[in-house]
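Step one of this worksheet: look at the structure below.
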Number of protein chains: 2
Amino acid sequence: MRSKTTSLRDVARLAGVSVPTASQALNGRARVSDETRRRVMEAARRLRYTPHAAARRLILGRSDSVAIVPGTNMTGIFSDLFYRAVLTGVGGVFEEAGYRMLITPPLRSASQLPQFVEMASAREIDGVLVAGVVDTRWVEDTIAAGTPVVLLDNHLSGRPVPAVVNDNAGGAYSATRYLAELGHTRIGFVGAAVDYPFGRETHDGYRRALAEAGLGPDPGLERLIPIDAERAREAAGVLLSLADPPTAIFAVTDLLALGVITAARERGLAIPADLSVVGMDDIDLASVTNPPLTTVRIAKEEMGRRAARMLLDLIRGTDVNPTIVVLPNELVVRGTTGGRR
Amino acid sequence: MRSKTTSLRDVARLAGVSVPTASQALNGRARVSDETRRRVMEAARRLRYTPHAAARRLILGRSDSVAIVPGTNMTGIFSDLFYRAVLTGVGGVFEEAGYRMLITPPLRSASQLPQFVEMASAREIDGVLVAGVVDTRWVEDTIAAGTPVVLLDNHLSGRPVPAVVNDNAGGAYSATRYLAELGHTRIGFVGAAVDYPFGRETHDGYRRALAEAGLGPDPGLERLIPIDAERAREAAGVLLSLADPPTAIFAVTDLLALGVITAARERGLAIPADLSVVGMDDIDLASVTNPPLTTVRIAKEEMGRRAARMLLDLIRGTDVNPTIVVLPNELVVRGTTGGRR
DNA sequence: CGGGGTTGTCAAATCGATTTGACACCCAGC
DNA sequence: GCTGGGTGTCAAATCGATTTGACAACCCCG
C-alpha cells in the first residue's frame, strides 16, 4: 500500500552528490561535469526515479494539464458520437504538446460547473475547453480568475470569448436548399430550442433556404425539441400525421435524423421514396445505416484541433486576441434523399 | 495571464492571524476560538480563496484522483458505445467519493501505456482503472510500483489482479442456445481473436451451446475479426455467400451485429425471416434499430460501479484480497430473431 | 607566485499548505 | 501568591523539486 516513493534525495545519495546537483544533472540546465551527469542518470535509472508531479507543479507554477468540460446540453461526453470525433482532434493536439486532459463524468446540472472554477483557481489546470452549452456567468468567472477558456461548438454572442464553431446556419441552409432543389415544397424541420446559438442558427439557415426557394415558412412543419433520438421519433410522428405531411425533413443532427427515419418506418413509409431525410454531423454511424444517411459533414476533428491550438496559444501567451473561428461544412449526399415523386 | 493566486498567507493576513492558525480554522481540526474561525472564514470568502492543489497533494501525499486507461482494443474510449455506459457507472462512484478522473485520449499503441506508469509513480494518481485489453507486463509494473489497479471487462488469466468482467462465455452460450432452440442448425459466429480473454470466452460459449444442441462445430461458419462494424459486414458477406449459408448468426458485440445486418440487407435478405441475428452488449442503439436487435444485455453500469468501488477499497486499504467479479447477463429477445423457416 | 577567470558543487531560499510542539495567558484552587 | 490545568496562537519543520548565489578548486598568464 504505502511503498515509499523514491525521491530526488535518494537519487542524489546513490550518485554521491547533493540534491540540487542531481536536479541540475537531470534537467541539463546548468554546468555539471559529464562524469557527474552520467552517475546521476544511472542512479535515476536504477531507482526508476520519476519526479513528484505535485512538487514540480508547486515550484514551477504550472500543471501542464487542461480540463475538458462537457456542456450541459449533453447527457455525457461519452455518449455523444459527435463529440467523440471532436475530442479525437483535441486529444491529438494536447498529447503532442505534452499536456494532460482532465475530463469529469457527465455534468448533470449547471450547478456542478463551479467544480471547474475551483480546479482553475487551485491552479490544477492551466486552461479549460468547454464543449457545448455552458452558463455564461461561469465562463466569465473563470476568465476573470485568470484561466484561459476556449469554447467548442458554442459561442457567447457579443462577448470576446475565443471559440471554434461549425457554420450551423450555412449547413442548415445547404441541406434545406438541396431538398428544395429536389423539388420538395413541404420540407419539415426537426430542430433544437432557439434560445441558444445552435438552435437559433440552424433555424435561421432553414428559413433562409425556404425563403430563397420561394417557399413560405410554415410553423406547423417545425418542431423544436431536445437533442434526443426518441424525441425526434415522436416529433416526426406528429409531422407525418398531418393532413398534408412533409415529403422531406431536415433534422439538425444525425441522431435526430435517425429518430425521424424510425418514425417513418413505423408508418410504413419508404425512404427515400416516400420521405427524404437529411441530418447534420456525419457521425460514423451515418454511413452504415440503411439506407446510408444524407447529411451535412461537420469538420469535427478539425474543430477539436483548432480549439486545442487556440487554448495552447492562450496558455502560452502567444496569442491574446480572442477570435471566433467558423468552420465550413459540406453536404454529403447518400441514400436518404430523392426527388419528390 | 499571470493573475497572482490568493494564498493562505493572504487570508491569514486579512484575518489578522498566522498561516497555521488560518489553516486550522479552515480545516477545523484543532482548537481555534470561534471568533478567530469566523474571521478566517470571512476572509477566505472575501478573497475567494481556494487551496493550491499541488501544495496540498505534496504535504498530504495523495491526489484524490484516479486514471482511467482505455485499453488497446478500442479506437478510443469516446467512440465506444459500450464503454460509455460503463463509464457512466464509474463516474458516478468516483464523483460521489470526491475523486477526479483523469482520462487520456485514445491510446494508439501499447507503447503509450508507460505514460500511466509515470503518472502513478509521480504520485499524480492514487489508482488506475484499465478498461479493456492491456499489456500484462505493464499492469505488473504498476502494481509493483505500489499503485492499485483494477481491470474492467478484462482479466489476466492466473494472476491475482482484481477485475470486473461480464460472463462472456455464459452470454455467448445463451445467445447460441436460443438460436438453436428456435430450430436453427447452421449458426454462424462472428467473433474476435481468441488470443485474449473476451475472444476466447465467447468462442467457448458458442461452441459449448452447439455441442449441447448436438450440432458439430463447423470452422467454416466462424469468422474471427477485429471489433469493427465494417469488418463484420465483410465477414457476414463471406458467410452468406457460402453454398450452404447460415440461417442465424451470433455476433459477439452489437456493433458487429449491426454490420451483419447491413450485409444481409445488401443481399436482399429479410430479417428475421431469412436470417436471425443476435448481438451482445445491448448498447442504447440496439433498441432503436429496425428491427430492434435481439441481444445479450451486459450489466454495463453495474460493471463500472463495481470496478470503481473495488479500486476505492484498494486505495483506502479497506480490502486487500484481489478478486475477479463475474457479472451475470441476460438475453433480451427483440426483433432480429425468429424460427427457422 | 599572486590575480583574474573558469568550472563544478552545494547551501539556502522558495513554492503553499499542514502538523507538531512550544509558549503565553487565564482561571481556579490550596 | 504560587501551582496546575486548560485554552488559544504561533514558530518551526515538513513534503519534493528548482533556482540563485556563494564558495572552493583549478588553470592560465603575467
Side-chain angles (χ1 to χ4, degrees), chain A residues 2-41 43-44 47-64 118-126 146, chain B residues 2-41 43-44 47-64 118-126 146:
Chain A
R2 175 201 319 279
S3 88
K4 41 188 160 290
T5 317
T6 75
S7 75
L8 188 53
R9 184 195 274 117
D10 304 321
V11 175
R13 183 156 31 215
L14 180 58
V17 297
S18 72
V19 169
T21 301
S23 173
Q24 303 281 23
L26 290 174
N27 295 316
R29 291 241 180 286
R31 15 176 222 197
V32 171
S33 72
D34 289 348
E35 166 58 14
T36 302
R37 162 161 293 122
R38 202 193 51 70
R39 282 215 318 280
V40 172
M41 299 287 233
L47 297 175
R48 293 161 176 265
Y49 167 72
T50 313
H52 192 296
R56 288 193 105 230
R57 290 184 187 179
L58 182 56
I59 189 80
L60 294 177
R62 58 193 162 84
S63 66
D64 287 340
E118 266 184 44
M119 285 171 51
S121 89
R123 290 287 176 266
E124 208 168 341
I125 48 181
D126 297 337
Chain B
R2 176 200 319 279
S3 86
K4 41 187 161 289
T5 316
T6 74
S7 74
L8 188 52
R9 185 194 274 116
D10 304 321
V11 175
R13 184 155 32 215
L14 180 59
V17 297
S18 73
V19 170
T21 302
S23 173
Q24 303 281 24
L26 290 174
N27 295 316
R29 291 241 180 286
R31 19 178 218 199
V32 171
S33 72
D34 289 349
E35 166 59 13
T36 302
R37 161 161 294 122
R38 202 195 50 70
R39 283 216 316 281
V40 172
M41 297 289 233
L47 296 176
R48 293 160 176 265
Y49 166 74
T50 313
H52 192 296
R56 288 192 105 229
R57 290 184 187 179
L58 183 55
I59 189 78
L60 293 177
R62 60 194 161 83
S63 65
D64 287 340
E118 268 185 43
M119 285 171 50
S121 88
R123 290 289 175 263
E124 208 168 342
I125 47 180
D126 298 337

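Side chains are part of it too, since the values below use all heavy atoms of this structure and drop only hydrogens, waters and symmetry mates. Please read all numbers here as calculations on a predicted model, not as lab measurements. Below, read A as the first sequence line, B as the second, and so on, with proteins coming before strands; counting in each chain starts at 1.
With rounding to whole Å, A/Glu124 atom CD is found 14 Å from C/dA17 atom C1'. Spacing between atom CZ of A/Arg13 and atom C1' of C/dC10 amounts to 16 Å, rounded to whole angstrom units. Here the P atom of nucleotide C/dT18 and the CZ atom of B/Arg62 are 10 Å apart, to the nearest Å. We find that NE2 of B/His52 is positioned 12 Å from P of C/dT18, with the value rounded to whole Å. The interatomic distance linking A/Glu35 (CD) with D/dA25 (P) rounds to 19 Å, in whole Å. Here the C1' atom of nucleotide D/dA13 and the CD1 atom of B/Ile59 are 9 Å apart, to the nearest Å. Rounded to whole Å, the distance from CZ on A/Arg38 to C1' on C/dG8 is 16 Å. The separation between A/Asp34 atom CG and C/dT7 atom P is 13 Å, rounded to whole Å.
Of the listed nucleotides (D/dA17, C/dT9, D/dG16), D/dG16 has the atom at the smallest distance from the side chain of B/Leu58. Out of C/dG16, C/dA17, D/dA17, the shortest distance to the side chain of B/Pro51 is found at C/dA17. Nearest nucleotide to the side chain of B/Thr36, out of C/dT18, D/dT9, D/dG16: D/dT9. Taking only side-chain atoms of B/Val17, from C-beta outward, the nucleotide of D/dC10, D/dA17, C/dT9 with the closest atom is D/dC10. Comparing C/dT20, D/dT18, C/dC10 against the side chain of B/Gln24 picks out C/dT20 as the nearest. For A/Ser7, counting side-chain heavy atoms from C-beta on, the closest listed nucleotide (C/dC10, D/dA11, D/dG16) is D/dG16. Out of D/dA11, C/dC10, C/dG16, the shortest distance to the side chain of A/Ser18 is found at C/dC10. In this structure, the nucleotide among C/dC10, D/dA17, C/dA17 sitting nearest to the side chain of A/Leu8 is D/dA17. Minimum atom distance to the side chain of B/Ser33 is reached by D/dG8, of the listed C/dT18, D/dG16, D/dG8. In the set D/dT9, D/dT19, C/dG16, D/dT19 carries the atom at the smallest distance from any side-chain atom of A/Leu60.
When side chains are defined from C-beta on, A/Arg48 does not count as touching A/Thr6, because their heavy atoms never get closer than 4.5 Å.
Looking at B/Arg39, its side chain does come within 3.5 Å of a backbone N or O of B/Ala15 through a donor-acceptor pair. Panel note: side chain A/Ser63, backbone A/Glu124; a donor-acceptor pair is recorded below 3.5 Å.
Counting all heavy atoms, side chain and backbone alike, B/Ala55 lies closest to A/Leu58 at CB-CD1, 3.9 Å. When all heavy atoms of B/Tyr49 and B/Leu26 are compared, the pair lying nearest together is CE2-CD1, 3.8 Å.
Taking only side-chain nitrogens and oxygens, B/Tyr49 never comes nearer than 4.0 Å to OP1 or OP2 of C/dG16. Put simply, B/Ser23 has a side-chain N or O that comes within less than 4.0 Å of OP1 or OP2 on C/dT18. Between A/Arg9 and D/dA17 there is no side-chain polar atom (N or O) within less than 4.0 angstrom of OP1 or OP2. For B/Arg56 and C/dT18, the shortest distance from a side-chain N or O to OP1 or OP2 is below 4.0 Å.
For the pair A/Pro20 and B/Arg39, nearest-nucleotide mapping onto DNA chain D gives the more 5' position to B/Arg39.
For the atom pair B/Ile59 CD1 and B/Arg56 CZ, the distance stands at 11.0 Å (nearest 0.5 Å).
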